[in-house]
2 protein chains.
Amino acid sequence: MATDQLSIVFGALADPTRRAILARLADGPATVNELAEPFAVTLPAISKHLKVLERAGLISRGREKQWRPCRLEAEPLREANEWTNRYRQFWESSFDKLDAHLRTILKGSEQ
Amino acid sequence: MATDQLSIVFGALADPTRRAILARLADGPATVNELAEPFAVTLPAISKHLKVLERAGLISRGREKQWRPCRLEAEPLREANEWTNRYRQFWESSFDKLDAHLRTILKGSEQ
DNA sequence: CGGTTAATTAGCTAGTCGGTAAACTACCAC
DNA sequence: GTGGTAGTTTACCGACTAGCTAATTAACCG
């Protein structure tokens, strides 16, 4: 994958397990085992996912006794959100809607 | 990569060349050669990128004489935007801002 | 028809991704 | 110390990705 920050963030989001982990962390910090519990994969696999999320800046990790709690860091999500937002006009005023509008106008002129 | 639609969309966005192609298409449809022109990669590489974008539903392609014009399809961007939007509260009311607020309150009580 | 332009497909290399099992580190409790 | 719990690292595997060159398809022009 590319090494620029936005590519790393989008790359991290391109996996349902990692998105589910972020969703879980929206309810508050959690340990690795708590995060792993809902998934049918081994702990090392989760550990890898967490490393990907950390590299993207989407989570941060503390140290508390033998636990390494993870917490959500949303700033990269803001940047991803802003990038997609630049295309808002294209899904709000789609060609389909333009077509429908033109048809309405034409139909009106026939009456 | 995972095969669910949102993962495919995020995966397609996880590349600066593909994001640049989408940015170019925001100015209107373009042929493959027009899209390839700004980049220091070969035409087959661009062709692959377009296939990735097409699989994600981010572009559609027509046939006009010997050209295969591409156009932007923004609906998947709306879905990506909505997914990130669910975390808006986390970047708008960050712990940093909460910290700053608490410090302001404490400082005020000292006076 | 032959020649040119547009674009894709095929085949290759190198690197990354998601997963595993097994070994290892770090901490706690007895 | 021993043992148990939490988590990471290493080594490996199969599948996929991104790039290239070379060959191929498709459509136009003369």
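In what follows, every chain begins at residue 1, and chains take the letters A, B, ... in the order their sequences are listed.
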| said: Treating Glu34(A) as the side-chain partner and Thr31(A) as the backbone partner, does any N or O pair qualify as donor plus acceptor under 3.5 Å? | reply: yes

Applying salt bridge (Lys or Arg N to Asp or Glu O under 4.0 Å) to Arg88(B) and not counting sequence neighbours gives Glu92(B)

Separation of dT8(D) atom P from Leu50(A) atom CG, nearest Å, is 7 Å

Looking at dT8(D), I'd like to know if its phosphate oxygens (OP1 or OP2) sit under 4.0 Å from a side-chain N or O belonging to Ser47(A). yes

Set out, line by line, the N/O atom pairs under 3.5 Å between protein and nucleotides 1-4 of chain C.
none

From NZ of Lys51(A) across to C1' of dC17(C) the rounded distance in Å is 14 Å

Whole-Å distance, Ile59(B) CD1 to dA7(C) P, equals 12 Å

Common cluster, Val41(A)/Met1(B), ILVMFWY with side-chain heavy-atom separation under 4.5 Å
no

Heavy-atom contacts, protein to nucleotides 17-30 of chain D, under 4.0 Å, summarised as B (base), S (sugar-phosphate only) or - (none) per nt, yield SBBSBB----SS--

Between the OH atom in Tyr87(A) and the CG atom in Leu25(B), the distance rounded to the nearest 0.5 Å is 8.5 Å

Atom pairs and distances, donor-acceptor, side-chain atoms in residues 56-67 of chain A, under 3.5 Å, two or more places apart:
| residue | atom | partner | partner atom | Å |
| --- | --- | --- | --- | --- |
| Ser60(A) | OG | Glu73(A) | OE2 | 2.8 |

Phe39(A) atom CZ is separated from dT20(C) atom P, nearest whole Å, by 13 Å

Here the distance between atom P of dT5(C) and atom CH2 of Trp67(B), to the nearest Å, is 12 Å

To the nearest angstrom, the CD1-C1' distance between Ile46(A) and dG7(D) comes to 12 Å

Ile8(A) CD1 to dT16(C) P, in whole Å, measures 12 Å

Taken in chain and number order and not counting sequence neighbours, the residues that satisfy side-chain contact (heavy atoms from CB on, under 4.5 Å) with Thr42(B) are Pro44(B), Ala45(B)

Does Asn33(B) have a side-chain nitrogen or oxygen under 4.0 Å from the phosphate oxygens OP1 or OP2 of dA7(C)? yes

Applying salt bridge (Lys or Arg N to Asp or Glu O under 4.0 Å) to Arg78(B) and not counting sequence neighbours gives Glu75(B), Glu82(B)

Under 3.5 Å donor-acceptor pairs involving side-chain atoms of residues 8-24 of chain A, not counting sequence neighbours:
| residue | atom | partner | partner atom | Å |
| --- | --- | --- | --- | --- |
| Asp15(A) | OD1 | Thr17(A) | N | 2.8 |
| Asp15(A) | OD1 | Arg18(A) | N | 3.2 |
| Arg18(A) | NE | Ala12(A) | O | 2.7 |
| Arg18(A) | NH1 | His49(A) | ND1 | 3.1 |
| Arg18(A) | NH2 | Gly11(A) | O | 3.2 |
| Arg19(A) | NH1 | Leu13(A) | O | 2.8 |
| Arg19(A) | NH1 | Ser7(B) | OG | 2.9 |
| Arg19(A) | NH2 | Asp4(B) | OD2 | 2.8 |
| Arg19(A) | NH2 | Ser7(B) | OG | 3.3 |
| Arg24(A) | NH1 | Gly28(A) | O | 3.1 |

Original post:
Below 4.0 angstrom from OP1 or OP2 of dA6(D), is there any side-chain N or O of Arg61(A)?
Top reply: no

Sorted by chain and number, sequence neighbours left out, side-chain hydrogen bond (donor to acceptor under 3.5 Å, both in side chains) with Arg68(B) holds for none

